[in-house]
Amino acid sequence: MGKIPTIAVVAIALVLIIGISVACFYFLIKPEKARLATLQGQLEQERQVAARKQTAESTLAATKQAWLVAQRDLEQLRERKSIPISMYMPMMAMTTMWWEYRENLPRAVEKWVADQGCTIETGAAMPAPSLSPPNVPASGFLQVPEGQVLNLTISG
């Protein structure tokens with residue numbers, strides 16, 4: 001074996017360097033670039049989720065506020081529309097129901113009919129209220145007038 005020419009050593013070294021560079025690119029750099037692209041896609045998806053979270057939180061806060069307002073309005077409506085009846089005092093309950101039956105119920109029916117765009121042709125024929133103290137049904141709700149029919153003739 002003689003001396004290897006310099007040009008051959010340079011050529012072999014150059015081929016080895018190019019081969020190692022290509023192998024590094026395909027086995028080290030290319031997989032890492034693919035992994036980096038995947039991670040960037042996941043990062044973008046997470047940013048979109050984070051943006052939706054802020055929108056959802058603001059919507060949730062607005063919905064909670066609207067719910068609280070609706071609850072307050074409902075409580076005010078209950079206070080305004082409920083008649084105070086205590087079954088611990090049956091005579092007082094009976095008197096309160098008579099007042100509701102004789103004074104407030106006819107006006108409420110007339111207003112409802114007028115709100116519907118109708119007119120009452122013949123008045124409401126309401127029977128007299130019962131003179132006995134009311135019994136509380138199992139449901140807890142009293143019906144006024146209890147077991148009686150309200151007769152109206154309306155047009156509209």
Show me the donor-acceptor pairs, under 3.5 Å and distance only, between side chains in residues 66-73 and residues at least two apart or in other chains.
none

Same cluster or not: are [X] and [Y] linked, directly or through other Ile, Leu, Val, Met, Phe, Trp or Tyr residues, by side-chain heavy atoms under 4.5 angstrom apart?
X: V22; Y: I29; answer: yes
X: I154; Y: W112; answer: yes
X: L16; Y: I7; answer: no

Atom pairs and distances, side-chain donor-acceptor, residues 36-54, under 3.5 Å, sequence neighbours left out:
residue : atom : partner : partner atom : Å
T38     : OG1  : A34     : O            : 3.0
K53     : NZ   : E57     : OE2          : 3.4

Next on the checklist: Return the NZ to CZ distance between K33 and F25, rounded to the nearest 0.5 Å.
Outcome noted: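 The CZ atom of F25 is 5.0 Å from NZ of K33, to the nearest 0.5 Å.
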Item to check | Spacing of CD1 belonging to I17 relative to SG belonging to C24, to within rounding of 0.5 Å | outcome: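 Going from CD1 on I17 over to SG on C24, the span is 11.5 Å.
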Checklist entry - Among pairs that include at least one residue of residues 18-29, which meet salt bridge (Lys or Arg N to Asp or Glu O under 4.0 Å), considering only residues two or more places apart or in two chains? => result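 Counting only pairs at least two positions apart or across chains, no salt bridge (Lys or Arg N to Asp or Glu O under 4.0 Å) contact touches residues 18-29.
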Next on the checklist: Taking the side chain as everything from C-beta on, heavy atoms only, tell me whether I120 gets closer than 4.5 Å to E110.
Outcome noted: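 When only atoms from C-beta onward are counted, E110 and I120 do touch, with a gap below 4.5 Å.
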